Amino acid sequence: MRYWLMKTEPGEFGIDDLAKRPRKTEPWDGVRNYQARNMMRDEMKKGDRVFIYHSNCEAPGIVGIAGIVREGYPDPTAFDPEDRHYDPKSDPANPRWYLVDVKFERKLRRTIPLTELKAQAALEGMALVRRGNRLSVMPVSEREWKYILSLE
DNA sequence: GCCAACGTTGGC
DNA sequence: GCCAACGTTGGC
């Protein structure tokens with residue numbers, strides 16, 4: 001089993017929206033970045049665990065835990081001209097964008113803010129705290145996962 | 001709202 | 001294949 005972190009904007013779709021979904025599950029659509037795509041298509045497996053991170057908001061940070069319940073499949077929003085993530089260059093016969101289904105597990109007892117994560121020497125190597133990082137899906141090591149949970 | 005950092009596009 | 005221009009991300 002592997003560990004991941006996925007960003008989302010709470011103004012668009014936050015951890016509480018995920019918790020309210022039928023079966024607490026949501027297709028993680030709309031990701032349009034090749035590195036993130038590759039991870040969702042090739043590397044994320046059923047049962048993997050995910051930190052949900054709120055970005056672009058008043059208090060950016062890790063807010064909860066989810067699990068992967070369906071492995072990579074083509075992102076249908078790429079084929080829908082009405083969708084704001086429509087990509088005319090994604091051919092259904094050879095899809096460009098992929099997603100996974102994510103299921104709510106629990107909220108953390110508190111948000112662990114980005115500022116706090118940045119202050120931890122133990123987390124120096126994390127992609128999340130590196131300057132200019134813009135990846136919306138990234139791996140988390142087991143050591144980092146446990147360390148972050150110990151801050152909860 | 002600002003702006004640095006980064007990814008993508010497209011002309012050459 | 002280079003690289004300038006452009007668009008987006010996301011913290012602050």
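Convention: sequence-line order gives letters A, B, ...; per-chain numbering from 1. These numbers come from a predicted model, not from an experiment.
Position along DNA chain B of the nearest nucleotide to Arg32(A) versus Arg131(A) favours Arg131(A) as the more 5'-ward residue.
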If a protein heavy atom is under 4.0 Å from the base, mark B; if only from the sugar-phosphate, S; if neither, -; do that for nucleotides 1-10 of chain C going 5' to 3'.
------BBSB
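Ion pairing between Glu152(A) and Lys107(A) fails under the 4.0 Å rule for side-chain N and carboxylate O. Under 4.0 Å is where a charged nitrogen must lie from a carboxylate oxygen, and between Glu26(A) and Arg21(A) at least one such pair does.
The cationic atom of Arg70(A) (NZ for Lys, CZ for Arg) lies less than 6.0 Å from the six-membered ring centre of Tyr73(A) and within 45° of the ring axis.
Rounded to the nearest 0.5 angstrom, Tyr34(A) OH and Arg41(A) CZ are separated by 10.5 Å.
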Could you list the donor-acceptor pairs under 3.5 angstrom formed between side-chain atoms of residues 53-64 of chain A and any protein atom two or more places apart in sequence or on another chain?
| unit_1 | atom_1 | unit_2 | atom_2 | d |
| --- | --- | --- | --- | --- |
| His54(A) | NE2 | Ile15(A) | N | 3.0 |
| Asn56(A) | ND2 | Glu9(A) | OE2 | 3.3 |

